[in-house]
Participant: 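Here it is, the structure, as structure tokens.
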Amino acid sequence: RLRQNKNPSMLSMMMMMMLFLMAAILFNVGVCYADLDTSSSSPPDQPVFKLKSGVSIPLIGMGIGNLPHESIPQVVNAQLDVGVRLIDTAHASNNEGILGEAIASFDGGGGVHSNTRGGPTISSHKEVHVVTKVWYTHLGYERTKMSVQESLQNLQKAINRQIFVHVLIHWPRCNDDIPWMNCEEEENNLPPQVKTAGPPPHLNKYGAFVDSWKALEDLFMEHQNIMNTRKGDKVYPPIIASIGVSNFELDDMKKLLETSRVTPHMYQGNSWLVLHDPYLIDFLREHDIFFQSYAVMNGILQRRNESPNAYSILSTISRELMETVYSEEEKSMITEATVLLAYFLNSNVGVIPRAASSSHQRENSPQAISAILPHL
């Protein structure tokens, strides 16, 4: 229950002024005002965004790409328990099978509510969205199809819930100028079946991702037929709900759209792009491509020394919102992280923070963030 403030209009005005000041300092870009989609299968108070593919994707997710494998079941169960219904990973992380098993083991209300001769059925709010990605060693038409098929097979372990999969090209190419990328060495270490599936993508740096996109288009259109013919609440094998890209620069995006039959539904990139690449952000908005940000904490909050005034504003807003939203007897905390995530959501930017600790899981949860959205 919200605390009553003696002068809510003044507080609201002050918060709005601080938010716009924060936007000017931190983001320096216009806000996307597309309406949030509220007719979704997500849990109550779960803000979502309707993609061009027709599927509503939760705006709040969690990333497990770099988590130790032994930690994934506990973290996934904890996040599902607080209402998260979007999980981000990658084929290269080798954890999709673990993720599928973790989703299947979650008993928070249970996904399956009955069994019929046609197979198990689910209540609609038990759907889970998974973002996964094709690594640059698997660029090219056949290699990409192989990667995606392996991902779908791994995620099929979540047999009791409907999994909607959002498949992205992780990087447009391998680049030896990036210290941790070792193009030739990684190619040489691939299993024989991958090598024989298609030519080495690092030898075709500006064409391999285009062929990969053709593979994703074909797979997406094939799965669209499944989406359009689904019956009732029957649980189907993981369905590709959208396709997109990650870490592409503006020139790569333009090249991709020159020949694409399906415009990317989604772009995943570092949160820092929102601050410093307005041309890319404008291009994505122009083509109605949903932006999902990673490294929100590392990209902004952990660089607070570069923008001390902005961080001070975030701290002030978090204190004011905590006084406004929660009563004194409630223990919930609004932190700078919660405010920043809520601001992204209010701008229709998706967020996938990583959180291994229970305290961070709470402050990143849909409930914590959604509680302050009406006050922004």
Side-chain angles (χ1 to χ4, degrees), residues 15-16 18-23 25-29 31-34 36-37 40 42-49 56-65 75 78-88 129 131 266-275 281 290-304 307 310-322 324-326 332-376:
M15 286 192 296
M16 288 300 297
M18 287 191 292
L19 281 167
F20 278 111
L21 180 57
M22 179 181 74
I25 296 173
L26 276 178
F27 297 95
N28 197 29
V29 295
V31 174
C32 174
Y33 290 104
L36 296 183
D37 179 22
S40 76
S42 299
D45 298 324
Q46 173 81 273
V48 298
F49 186 89
S56 294
I57 186 171
L59 280 167
I60 307 167
M62 65 164 293
I64 65 167
V75 171
Q79 290 285 272
L80 292 174
D81 196 45
V82 297
V84 170
R85 290 297 181 267
L86 170 67
I87 303 170
D88 175 77
H129 296 252
V131 177
M266 182 172 153
Y267 180 101
Q268 189 183 99
N270 195 301
S271 61
W272 206 245
L273 292 173
V274 181
L275 287 79
I281 299 301
F290 171 63
F291 185 89
Q292 185 182 69
S293 61
Y294 66 81
V296 177
M297 306 308 168
N298 290 336
I300 297 176
L301 292 184
Q302 293 186 15
R303 302 173 73 166
R304 65 189 69 176
S307 303
Y311 188 80
S312 175
I313 292 172
L314 279 174
S315 297
T316 301
I317 295 172
S318 66
R319 288 194 299 271
E320 293 288 348
L321 285 171
M322 189 166 61
T324 306
V325 176
Y326 295 112
S332 299
M333 294 289 291
I334 294 178
T335 66
E336 292 83 0
T338 313
V339 172
L340 184 58
L341 293 172
Y343 180 82
F344 269 70
L345 264 60
N346 203 48
S347 304
N348 292 329
V349 174
V351 294
I352 45 170
R354 289 195 299 269
S357 71
S358 58
S359 60
H360 288 164
Q361 288 168 11
R362 285 193 297 272
E363 70 182 15
N364 297 345
S365 70
Q367 292 94 328
I369 299 170
S370 298
I372 65 175
L373 280 175
H375 301 270
L376 298 185

Participant: Considering all heavy atoms of both residues, which atom of Pro47 and which atom of Ser370 are nearest to each other, and what is their separation?
Facilitator: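 Of all heavy-atom pairs spanning Pro47 and Ser370, the closest is CD-OG, 3.3 Å.
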Participant: Quick one, Ile87 and Gln79 - any side-chain contact, counting heavy atoms below 4.5 Å?
Facilitator: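 Of all side-chain heavy-atom pairs linking Gln79 with Ile87, none is under 4.5 Å.
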Participant: Hey, mind stepping through Ile60 and Phe344 against side-chain contact (heavy atoms from CB on, under 4.5 Å) and telling me if it holds?
Facilitator: CA-CA 10 Å; Ile60 307 167; Phe344 269 70; over 6 Å; no
Participant: Measure across Val84 and Leu80 and return the closest heavy-atom pair with its distance rounded to 0.1 Å.
Facilitator: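 Smallest heavy-atom distance, with atoms named: O-CD2, 3.2 Å.
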Participant: side-chain contact (heavy atoms from CB on, under 4.5 Å) for Met266 and Ile57? Distances and angles first, verdict last.
Facilitator: CA-CA 10 Å; Met266 182 172 153; Ile57 186 171; 4.0 Å; yes
Participant: Start with the C-alpha gap between Val131 and Leu86, add the side-chain angles, then the distance that decides, and say whether side-chain contact (heavy atoms from CB on, under 4.5 Å) holds.
Facilitator: CA-CA 8 Å; Val131 177; Leu86 170 67; 3.7 Å; yes
Participant: Hey, could you give me the CD1/OH distance between Ile369 and Tyr343, rounded to the nearest 0.5 Å?
Facilitator: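 Going from the CD1 atom of Ile369 to the OH atom of Tyr343 covers 15.5 Å.
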Participant: Heavy-atom distance under 4.5 Å between the side chains of Ser293 and Asn270, does that happen here?
Facilitator: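 Not touching, per the 4.5 Å side-chain cut-off.
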Participant: Out of Asp88, Ile352, Val351, Val75, which residue meets the side-chain contact (heavy atoms from CB on, under 4.5 Å) rule with Met62?
Facilitator: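 The passing option is Val75.
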Participant: Looking at side-chain heavy atoms only, is the closest gap between Val349 and Phe290 below 4.5 Å?
Facilitator: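 Val349 vs Phe290: side chains apart.
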Participant: Are any side-chain N or O atoms of Arg85 and backbone N or O atoms of Pro58, one a donor and one an acceptor, separated by less than 3.5 Å?
Facilitator: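 Judged by distance alone, no pair lies under 3.5 Å.
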Participant: Do Leu345 and Phe49 touch side chain to side chain, with heavy atoms closer than 4.5 Å?
Facilitator: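 Sidechains of Phe49 and Leu345: no contact.
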Participant: Could you state the interatomic distance from CD (Gln292) to OG (Ser271), rounded to the nearest 0.5 Å?
Facilitator: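 The OG atom of Ser271 is 12.0 Å from CD of Gln292, to the nearest 0.5 Å.
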Participant: I need the minimum non-hydrogen distance between Leu59 and Asn348, along with the two atoms involved.
Facilitator: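 Heavy-atom minimum between the residues: CD2-C, 4.2 Å.
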